[in-house]
Amino acid sequence: MSVRKDRVELPDGREASREYISHPGAVAILALTRQGELVLERQYRYPAQREFIEIPAGKIDPGEVPEVTARRELLEETGYRSDNWVYLGTAHPCIGYSDEKISYYLARDLVLSERQLDEGEFLEVLTHPLEAAMDMVLTGEICDSKSIVGLHWLAAYLSGRMRGVPI
């Protein structure tokens with residue numbers, strides 16, 4: 001990631017500066033166990049100075065395609081693998097100050113393996129029934145935008161209102 005400052009021409013012809021974060025992109029995973037429980041993570045996020053409960057996610061490495069990142073991040077952070085993946089869509093979470101985009105994936109039929117956390121990464125893996133996770137959004141227990149968008153899209157996909165793309 002890098003912070004940039006560009007000179008831009010405004011619609012009225014004047015010039016202004018715009019600061020933003022250039023981001024390589026990320027993935028977020030809605031991982032459902034065979035019992036229908038959603039895999040979540042609890043981890044401390046330094047910028048907000050608090051713990052969050054969120055869906056697994058991670059930054060795309062240089063030269064990596066998002067599908068590969070999703071598989072890698074799910075295994076590294078949670079220890080789960082899946083051969084049943086669906087691409088749900090892409091969202092832009094911070095359009096006012098970043099070019100980041102997050103690609104969302106559904107992983108089902110999970111098989112538990114061994115986690116491979118990155119150095120300096122500390123998180124607790126949780127599982128909750130999907131309905132309970134949706135309620136956690138309404139109570140504020142899940143409050144990061146990536147997880148809220150992901151849960152909304154997952155509900156739409158499972159109800160048949162949203163189409164996904166098997167990968």
Worksheet entry | For Thr78, side chain to side chain donor-acceptor pair (under 3.5 Å) partners two or more places apart |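 Result, side chain to side chain donor-acceptor pair (under 3.5 Å) vs Thr78: none returned.
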Does atom [atom1] of [X] have more than 12 heavy-atom neighbours, drawn from other residues, nucleotides or ligands, at distances under 6.0 Å?
X: His128; atom1: NE2; result: yes
X: Arg163; atom1: CZ; result: no
X: Arg7; atom1: CZ; result: yes
X: Leu126; atom1: CG; result: yes

Using only atom types and a distance under 3.5 Å, with no angle test, would you say the side chain of [X] pairs donor to acceptor with the backbone of [Y]?
X: Ser147; Y: Ile55; value: yes
X: Asp6; Y: Val8; value: no
X: Glu77; Y: Leu74; value: no
X: Ser82; Y: Arg108; value: yes

Fill in: Phe52: ring pair (Phe, Tyr, Trp, His ring centres under 6.0 Å) partners, not counting sequence neighbours
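Not a single residue meets the ring pair (Phe, Tyr, Trp, His ring centres under 6.0 Å) criterion with Phe52.
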Worksheet item: With sequence neighbours left out, what residues match Trp153 under ring pair (Phe, Tyr, Trp, His ring centres under 6.0 Å)?
Response: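 Trp153 satisfies ring pair (Phe, Tyr, Trp, His ring centres under 6.0 Å) with Tyr104 once adjacent residues are dropped.
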If you measure from [atom1] on [X] to [atom2] on [Y], what distance do you get to the nearest 0.5 Å?
X: Leu130; Y: Gln35; atom1: CG; atom2: CD; value: 13.5 Å
X: Glu131; Y: Leu38; atom1: CD; atom2: CG; value: 13.0 Å
X: Asn84; Y: Leu106; atom1: CG; atom2: CG; value: 7.0 Å
X: Lys146; Y: Leu151; atom1: NZ; atom2: CG; value: 10.0 Å
X: Trp85; Y: Ile167; atom1: CH2; atom2: CD1; value: 7.0 Å
X: Leu138; Y: Cys143; atom1: CG; atom2: SG; value: 12.5 Å

Of all heavy-atom pairs between [X] and [Y], which one has the smallest distance, and what is that distance?
X: Gly79; Y: Arg115; answer: N-CG, 3.3 Å
X: Leu158; Y: Leu32; answer: CD1-CD1, 4.4 Å
X: Ala133; Y: Leu40; answer: CB-CD1, 4.3 Å
X: Asp99; Y: His23; answer: OD1-N, 2.7 Å
X: Pro93; Y: Lys101; answer: CD-CA, 4.3 Å
X: Val27; Y: Ile102; answer: C-CG2, 3.9 Å

Fill in: Presence of salt bridge, Arg45 and Asp144, under 4.0 angstrom
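No salt bridge links Asp144 with Arg45.
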Identify whether [X] and [Y] are in the same connected component of the hydrophobic contact network (ILVMFWY, side-chain heavy atoms under 4.5 Å).
X: Met134; Y: Tyr157; answer: yes
X: Met1; Y: Val3; answer: yes
X: Met136; Y: Leu30; answer: yes
X: Met162; Y: Ile29; answer: no

Set of side-chain contact (heavy atoms from CB on, under 4.5 Å) partners for [X], sequence neighbours left out:
X: Val111; value: Arg34
X: Asp83; value: none
X: Glu37; value: Thr33, Thr127, Pro129

Indicate yes or no: at least one non-hydrogen side-chain atom of [X] is less than 4.5 angstrom from one of [Y].
X: Tyr105; Y: Arg71; value: no
X: Ile53; Y: Arg42; value: yes
X: Ser22; Y: Arg4; value: yes
X: Ile21; Y: Glu100; value: no

Practice prompt. Answer with yes or no after comparing the ring centroid distance for Tyr97 and Tyr20 against a 6.0 Å cut-off, counting only values under it.
Written response: no
